[in-house]
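All remarks here apply to the structure that follows.
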Amino acid sequence: MRLLLDSHALLWWLEDSPSLAAEAHAAIAESANDVAVSAVSVWELEIKRATGKLRAPAQLVHRIEAEDFEPLPITLEHGVAAGKLPLHHRDPFDRMLIAQAQLEGLTIVTRDPRFDPYSVGTMPA
């Protein structure tokens, strides 16, 4: 299975939070699964940290690398796909995750119900 962590799922994993669903925790921990973290999630978390809306772990990139999660850069194709998505959900960070998941064949680990109208696989976070 190839997973893409939404920002809140990433934080819950890094904080070993009981908020993360047991199924999602097991899937992320399963060594046979590939787990990706998008550059857009790091960007979102750092913006929220800078504006005081969130306490994210220090050295976020180092923590992600230490987990052996795959970094997922934003490509031009991702930008085009995100821009073409129907406007069911207007959050640009989430729209990018949806586009990346669609193009890369990833299942998004999220608790956000606004992903449901899109043709993208999700796993409850």
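Everything numeric here is computed off the predicted structure, so don't read it as measured data. Numbering of residues begins at 1 and proceeds along the displayed sequence.
The backbone N or O of His8 lies less than 3.5 Å from no partner atom in the side chain of Arg111, so there is not a single donor-acceptor pair. Between the Tyr118 side chain and the Gln102 main chain, no donor and acceptor come within less than 3.5 Å of each other. Side-chain N or O atoms of Gln100 include none that pairs as donor or acceptor with a backbone N or O of His78 at under 3.5 Å. Side-chain atoms of Arg2 never come within 3.5 Å of backbone atoms of Ala101 as a donor-acceptor pair (strictly under, hydrogens ignored). Although no hydrogens or angles enter the test, the distance criterion places a donor-acceptor pair under 3.5 Å between the side chain of Glu30 and the main chain of Ala32. Looking only at distances, a side-chain donor or acceptor of Arg95 sits under 3.5 Å from a matching main-chain atom of Leu85.
How far CG of Leu3 is from OG1 of Thr110: 12.5 Å, rounded to the nearest 0.5 Å. Going from atom CD of Glu70 over to atom CG of Leu5 covers 10.5 Å, rounded to the nearest 0.5 Å. If you take CD1 on Ile64 and CG on Leu60, they are separated by 4.0 Å, rounding to the nearest 0.5 Å. Rounded to the nearest 0.5 angstrom, Leu76 CG and Ile74 CD1 are separated by 10.5 Å.
At a threshold of 4.5 Å between non-hydrogen side-chain atoms, the residues His25 and Val109 do not count as touching. For the pair Leu72/Leu106, a side-chain contact is recorded, criterion being any heavy-atom separation below 4.5 Å from C-beta on. Side chains of Asp112 and Asp91 form no contact here, defined as non-hydrogen atoms less than 4.5 Å apart. Side-chain contact between Leu11 and Ser17 is absent, with no heavy-atom pair separated by less than 4.5 Å. Contact check for Leu14 versus Glu67: side-chain heavy atoms found under the 4.5 Å cut-off. Side-chain contact between Phe69 and Leu10 is present, with at least one heavy-atom pair separated by less than 4.5 Å. Annotation: side chain of Ser41 is in contact with side chain of Leu97 (closest heavy-atom distance under 4.5 Å).
Hydrophobic clustering, with ILVMFWY side chains joined whenever heavy atoms are under 4.5 angstrom apart, groups Met96 together with Ile108. Leu54 and Val61 fall within the same hydrophobic cluster, where Ile, Leu, Val, Met, Phe, Trp and Tyr residues are linked whenever their side-chain heavy atoms come under 4.5 Å apart, directly or through other members. Transitive grouping of hydrophobic side chains (ILVMFWY, heavy atoms separated by less than 4.5 Å) brings Val40 and Val120 into a common cluster. Clustering ILVMFWY residues whenever any of their side-chain heavy atoms sit less than 4.5 angstrom apart, transitively, puts Leu4 in a cluster other than the one holding Trp12. Residues Met1 and Leu103 are members of separate hydrophobic clusters, defined by side-chain heavy-atom contacts under 4.5 angstrom among Ile, Leu, Val, Met, Phe, Trp and Tyr.
The heavy-atom pair separating Ala58 from Arg63 by the smallest distance is O-CG, 3.7 Å. Nearest approach of Ala24 to Ala125, heavy atoms of both residues: CB-CA, 4.2 Å. Nearest heavy atoms, Ala82 versus Ala99: N-CB, 3.4 Å.
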Q: Determine, step by step, whether Trp13 and Val35 satisfy the side-chain contact (heavy atoms from CB on, under 4.5 Å) criterion, reporting the C-alpha distance in whole Å, the side-chain angles of both residues, the deciding distance to 0.1 Å, and the verdict.
A: CA-CA 12 Å; Trp13 175 265; Val35 181; over 6 Å; no
Q. Going through the checks in order, is the side-chain contact (heavy atoms from CB on, under 4.5 Å) test met by Ile28 and Leu20?
A. CA-CA 10 Å; Ile28 295 166; Leu20 186 62; 4.1 Å; yes
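Salt bridge Lys48/Glu44: present, at least one basic N to carboxylate O contact under 4.0 Å.
Taking the salt bridge (Lys or Arg N to Asp or Glu O under 4.0 Å) definition, one finds that Arg49 meets it with Glu46, sequence neighbours left out.
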